[in-house]
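This structure is a prediction, so every number in the text was calculated from the model and none was measured.
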Amino acid sequence: MPNPDHINPQDKLAQAKNREEVFQKFLAMAMETGANPENPALVYQGLQNSPYQSQISDYPNRLKAKPEDPNALYKNYPRVGELPEIEQKGLEFLHPDIENACICLGKFIEGKMKGRWLGRNALTKAQFWSGTKIIPLINAACQMNKDFPDSDIDNCIIRDPANPEHTIPFSEVASDIISYQQRIASSNALAAMCKRFETFEGLERWLKKTTGNNQLEFRGMYGEPPFINRPELFDRKKQKIVLISAPESKQGENLVTAYDLVRFISMLGWHQHLPQESRFPGANWHSLESIIKAMGEDPCRYAEIAIATLGLADAIASPVIISKLGNGFSDSRISTEIVYVALVQFLDLRPQANGEAPVLRSASMALRGVKPLQEKQQDALELDARMAAEVTEILRRTVTGELERGIGNRE
């Protein structure tokens, strides 16, 4: 990761407008590490060197902040099952390799969280790889709290009814799914296990009812059998089973949209500030906190790279970065693909230099980069660097106000 120096943030923000220079810088970083197509270096940079590693436990509290920032372009956050108005202009600046994108900018206006939605093919369904693994985690928390509102998923373990001694804390499962540490099992096997708390049809139906997008498909697994095929969720405090596995059902594909994933991560991060009709049905904050902290452990640190590159590390406070990566080579589309789903929020301290209050910057995003096959190794390096460069440009335009002013052309 580039180390922030003491150049004035305004100077670094101006320097970062040179998109090709930023891309080449990231490409050089990717090439130095000896990455391979399965594990692109920046995608799998890891948490170990993150300057925010010790702050992840503070993320839930930081998401409670409500600084006001009036702006008439922002609309009420949609009700569950209601599609927002997604502006089709404003993301023209993104590189053509970014085939699908959706961004929701959030602001507090008159005490309410309001959003502005921008998209590029945001409602076109596609394979978003492991970016969808947040969905079964959130579903399990919602199902449990619907029937047991006072249960905290941090007190719960997942166990095998056929072998009750085989138990794993839910929080550790969530962490392993996101972090890829394999302390318990592979991320794919654990995510498949969490999908077993609902039928494939039921989970797809719930997803559609939540986002309002009836065209999606969500009946697939993740290439490996479930770690426990018939899991149950057991509340250690209550000494009670609070969720059981669903009957097995016919599998299909996981084809969702950039919008669906932005809707989910924004509903997760902004839960406390949304009206009841806009929240995940049944969800309680004390259980969602566990998923938020797990998502702070994503190996992909694109947002951190962007903050450092823009010289903002010392110009922000109370950062929150939760995300989920996805990547792979599609044999059917013959292309290398990378997915990045993230919520990035912080207080921008730069206005204090002019005697003004800090400004809350909160943006949820989902990007799907695609590079048709030329040379597999080089494709992976280039797309990895491109994704980092585009996230950097999104955050640059967020803090300069260009994104909300609709200055969308490439420069």
Side-chain angles (χ1 to χ4, degrees), residues 1-53 91 93-99 101 129 131 180 298-316 319 321 323-329 335-342 344 365 367-400 402 410-411:
M1 178 185 298
N3 293 318
D5 53 31
H6 295 289
I7 297 176
N8 187 303
Q10 295 303 114
D11 294 336
K12 298 204 82 173
L13 285 167
Q15 291 172 11
K17 290 183 75 173
N18 187 329
R19 306 282 294 285
E20 184 60 25
E21 184 176 296
V22 171
F23 168 70
Q24 291 297 334
K25 174 179 164 185
F26 292 149
L27 183 58
M29 289 170 58
M31 294 178 74
E32 284 175 4
T33 60
N36 62 67
E38 287 71 37
N39 291 283
L42 303 181
V43 170
Y44 288 96
Q45 186 174 70
L47 183 63
Q48 63 276 5
N49 296 317
S50 168
Y52 305 116
Q53 184 174 5
L91 298 186
F93 65 88
L94 291 174
H95 191 274
D97 284 352
I98 309 301
E99 286 198 358
W129 301 89
Y180 292 85
D298 185 18
C300 187
R301 315 308 293 181
Y302 286 152
E304 286 180 17
I305 294 170
I307 288 168
T309 300
L310 297 171
L312 293 173
D314 296 326
I316 64 173
I321 303 170
S323 62
K324 183 68 191 79
L325 66 81
N327 73 292
F329 183 83
S335 58
T336 296
E337 302 179 3
I338 296 178
V339 168
Y340 184 60
V341 184
V344 183
M365 67 185 79
L367 308 177
R368 176 175 169 267
V370 177
K371 198 160 186 65
L373 179 63
Q374 293 182 21
E375 197 284 313
K376 207 170 185 180
Q377 173 80 8
Q378 188 64 20
D379 291 346
L381 295 175
E382 290 185 5
L383 188 57
D384 191 20
R386 179 61 64 195
M387 292 289 287
E390 297 310 295
V391 172
T392 300
E393 181 65 4
I394 288 168
L395 290 186
R396 188 192 71 78
R397 289 177 182 244
T398 298
V399 299
T400 62
E402 292 173 53
R410 285 184 62 79
E411 296 182 1

Between Asn327 and Tyr340: side-chain donor-acceptor atoms closer than 3.5 Å: no
With heavy-atom distances below 4.5 Å as the criterion, would you say the side chains of [X] and [Y] are in contact?
| X | Y | value |
| --- | --- | --- |
| Arg301 | Leu47 | yes |
| Ile307 | Tyr52 | yes |
| Ile394 | Leu367 | yes |
| Glu382 | Leu27 | yes |
| Pro299 | Leu325 | yes |
| Met387 | Val339 | no |

Between atom [atom1] of [X] and atom [atom2] of [Y], what is the distance when rounded to the nearest 0.5 Å?
| X | Y | atom1 | atom2 | answer |
| --- | --- | --- | --- | --- |
| Leu383 | Thr336 | CG | OG1 | 7.0 Å |
| Tyr302 | Thr309 | OH | OG1 | 13.0 Å |
| Glu304 | Leu395 | CD | CG | 11.5 Å |
| Thr392 | Phe26 | OG1 | CZ | 3.5 Å |
| Asp97 | Glu337 | CG | CD | 11.5 Å |
| Tyr44 | Cys300 | OH | SG | 9.0 Å |

Measure across [X] and [Y] and return the closest heavy-atom pair with its distance rounded to 0.1 Å.
| X | Y | value |
| --- | --- | --- |
| Asp379 | Pro372 | OD2-O, 3.7 Å |
| Ile321 | Ala303 | CG2-CB, 3.8 Å |
| Lys376 | Leu373 | N-CD1, 3.9 Å |
| Arg19 | Glu390 | NH2-OE1, 2.6 Å |
| Ala388 | Leu42 | CB-CD1, 4.0 Å |
| Leu381 | Met31 | CD1-CG, 3.8 Å |

So with a 6.0 Å cut-off around CD of Gln378, is the heavy-atom count from everything else above 12? yes
Cation-pi between Arg386 and Phe23: NZ/CZ under 6.0 Å from ring centre and within 45° of the ring axis? yes
Does Glu393 pair with Arg397 as a salt bridge, N-O distance under 4.0 Å? yes
